[in-house]
Amino acid sequence: MRELRLWLAPRSGLVLAIALFLAMFTLYIANHPAGLTVNVATTAANKGVLLALIAMAQTLPVLTGGLDLSVGMMFILCNCLASHIIVGSAGEIALGLLAVLVAGLAAGAVNGAVVVFGRLQPIITTLATGAVYYGLALWLRPVPGGQVDEDLANFMTYTILDTIPTSLVLLAVVALVVWLPFRLSILGRACYAVGSAEGAAYMSGVPIQRAKLLAYTLSGLLAAVAGILLTFVTFSGEASAPAGGTYTLNSIASVVIGGTSLYGGAGSAIGSIFGAFVLRTIEDLLFVFDLPPLWQPLFQGVVLLAAVSLGAARVLRVRNRLELFG
Amino acid sequence: MTPQTTPQPAPLLRLAGVSKHYGGVTALDGVDFACAAGTIHAILGENGAGKSTLIKIMSGVVEPSAGEIVLDGRPIALSGPADAARNGIVCVFQELSLLPDLTVTDNISITDPPRRFGLIDGGAQRRRARALLDLVGCADVHPLELVKNLSLSRRQMVEIAKALGRNPKLLILDEATSALASADVAKVHEILRRLRRDGLAILYISHRMHEIAELADVCSVFRNGRHIATFPAGTRSDDAIVELMIGREYRHVFPPKPNRAALPPPILAIDHLGWEGRLHDISFTVGKGEIVGLGGLDGQGQRELLLALFGVLSGITGRISVDGRPVRPASPRAAKSGAVGMALIPEDRKTEGLMLPMSVRDNISIAALAQLTHGLIVDRAAETRRVNEMVRQLSIKLGDAAAPVATLSGGNQQKVVIAKWLMTGARIILLNDPTRGIDVGTKQEIYQLLRRLADAGAAILFYSTDYDELIGCCDRVAILYQGRVQRELQGAELTEHNIIASALNLPQAAANGAGA
């Protein structure tokens, strides 16, 4: 019992996000005219997974106590790049996919290098690099357009065996191949250590610089995966600044709803996945209850405020008021 | 080997001519020092003697400005704490190096966890944590508990377990028992004796003299950044050790103290004050026109006491009264209000005292703006007049009052902090080590200013880590030890010997004997 309690304590945010999502999704399905059909599930999954991937990307810098305001722009940049090069023979497609992933890695690595070696604040660094990445995206796609291999796109946005949405499988694979090894690696834990108390981490001999570099680089990789998926969904590329900005802000909201501390050091990308699902389901709920979609930001804001308030409960326990400003 | 050589164990770690300068300040000065495997080596010295710099150099946190570190006969250069740990030098720091949001298990194996297929092996890591926790006698700590949920004393034990898990050859304990209950201290001592038998070299920094007497084989005394003496433990009396620790290079010039037949009427009275296990049963008064010193080693609750009086801490017990009326300020804003009239000159002027990018004028007037406002508008003319008056009164050297305060020298910055609080017309002035890191000339101006303020009727509570200041500047001094007032000294009792002996919690008979 104590074991379970201790195991749950640091995961309370995750559990809450899962519960919230299940409740909201059940409500959505119960009121959907068609019920839980494969089509309904696939549409929900495709939208949810896009934000979930970007929220995962955001989680890594946040865990180190930083923030990545460029995730949305890296996502858009990779979308524009993918709309050029994921066509042709199987070999060309594979090479194109690889190139987009490498581009995402490189963009993330630049963020990390500036933060670590330039010792600049993450917020201003990624605000600036985000603008650069958006500039590159515009250069690649001055007007919306492009194309992508249709068979692959259809496969990725429909289902496997006519039951499971492929995008959900993609998300699970990313979680298993990127997140899980990260969580269980020394550098991954170093990211938590840096976010928890950077000075103590240094005193303990934790590789602080490599940890931060890894967090931002992987963030770029995950944004690239999302960018590829967006290309499959829209069959094109578009350098849309509003989309980039909205995804960035929603990724931060998802991270918070998923129980990751914006101070760093606690939380997980799995929580952020469910945080993203929660945000997405709000939109669907407005739809089934016939409420104007204009209300969406208002409801998202209320959910976000509630999530942040839960995290702020610690303030009530502080005995030295100076610590409130630390 | 020549016959007259006594069989000394070869030193494990040796420092040769090590110095460390911070800007113009010398923290360590040509130190030769050695410690041997299989011994517990105590290091003694008062505040600022160079102990912490010594430890930081050994554990790779700072690089020496000059000199050589020799480990096992070969010279080494340490690039950081990680490098020191690879060389077998592990330090249990006084400010804990634990990560609050991680589990005990993760903390213990933070840099080198057991791995399987390159990834952290959770089960093995937990068993390792369990074994190390049992080794230090912490059966009550669950390996999955988050460190932030542990009490300070448990954290300290986890810190020790973590250090042992790194298989050190040289283990440095910097005040590692300061937060422990006596049962835990006994356990730690038992472990240290076992490690000594296993051939570790142990450096033990503590201000608890009886622990050192119980545990150490060798003692070294530091003073003013120099290594003064090393001798086998038990060959010198406590008194003789205190004498070794005393000794200053120069004396400041202090303004004369008033002669008083009786204590003046108290303005500030503190009665059985306590807070969160860090302050216990503190009672004393500060009278009109008095400068009362707070002394003792660093971190004995002096800072918390000042913060408690100034309304920063919540959950304090006991009574605080001003002019006989009980007060309980709930914030610095309430503490500085007319009814209480307190001012706190904080310890870290850069973070708590000044807004560095703002102008000198804005910094000086910020706490007294309420008195300079007509309706909603600040009266700029009156502000400038009052600020100029302060600048003149404190002889702050500046080109332009509109320049950012960051452009001033450290001493002048400190004067700005003081000016800011004097402008509020406070009658109770709390000072947290106001002369740390500023030049001698400014120090003396501050002493004179304090005496002038006291003569004008203020009550001044003055925490200083410099014993000389306490003796020269204060009418009475309360020495704190582990959050309690250990002793109150005044008049002829106010000697360096008595201050150090009380700060180290030595029996009073010994202290009086030598002080008389």
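Quick caveat, the model's predicted, so the values are computed rather than measured. Convention: sequence-line order gives letters A, B, ...; per-chain numbering from 1.
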Scanning both residues in full, the closest heavy-atom pair of I120(B) with S185(A) reads CD1-O, 3.5 Å
Hey, are the side chains of R183(A) and L119(B) touching, using non-hydrogen atoms and a 4.5 Å cut-off? no
Heavy-atom closest pair (A201(A) atom, L99(B) atom, distance to 0.1 Å) is N-CD2, 3.8 Å
Under 4.5 Å to a heavy atom of chain A? For R115(B) that would be side chain
Query - Audit row: I186(A), T111(B), side chain to side chain contact (heavy atoms under 4.5 Å, CB included) steps and yes/no - result: CA-CA 7 Å; I186(A) 293 183; T111(B) 47; over 6 Å; no
Inset, instruction - Would you please test S204(A) and E159(B) for side chain to side chain contact (heavy atoms under 4.5 Å, CB included) and show each step? - result: CA-CA 10 Å; S204(A) 307; E159(B) 177 89 30; over 6 Å; no
| task | For atom CG of L120(A), decide whether the heavy atoms of other residues, nucleotides or ligands shown that lie under 6.0 angstrom number more than 12. | result | yes
Whatever's closer than 4.5 Å to a heavy atom in chain A on K148(B) counts as neither
task: Step through the shown structure and confirm whether more than 12 heavy atoms of other residues, nucleotides or ligands are within 6.0 Å of CZ on R116(B).
output: no
Considering residues, nucleotides and ligands other than R278(B), do more than 12 of their heavy atoms fall under 6.0 Å from its CZ? no
What one should report as the nearest heavy-atom pair of Y202(A) and V61(B) is OH-O, 4.1 Å
On a heavy-atom basis, the closest approach of D101(B) and G265(A) is CB-O, 3.4 Å
If one checks every heavy atom of L144(B) against chain A at 4.5 Å, the contacting part turns out to be both
Rounded to the nearest 0.5 angstrom, the NE2-CG distance for H142(B) and L6(A) is 5.5 Å
Turns out that what part of I110(B) lies under 4.5 Å from chain A's heavy atoms comes down to both
If one checks every heavy atom of S109(B) against chain A at 4.5 Å, the contacting part turns out to be both
Note: vs chain A, highest number of non-hydrogen pairs under 4.5 angstrom among A84(B), A82(B), G311(B), P100(B) is P100(B)
Nearest heavy-atom approach of M203(A) to S97(B) is CB-CB, 3.8 Å
Review point. Should the heavy atoms of other residues, nucleotides or ligands under 6.0 Å from CZ of R130(B) be counted, would the total exceed 12?
Key: yes
Note: vs chain A, highest number of non-hydrogen pairs under 4.5 angstrom among R86(B), R126(B), E304(B) is R126(B)
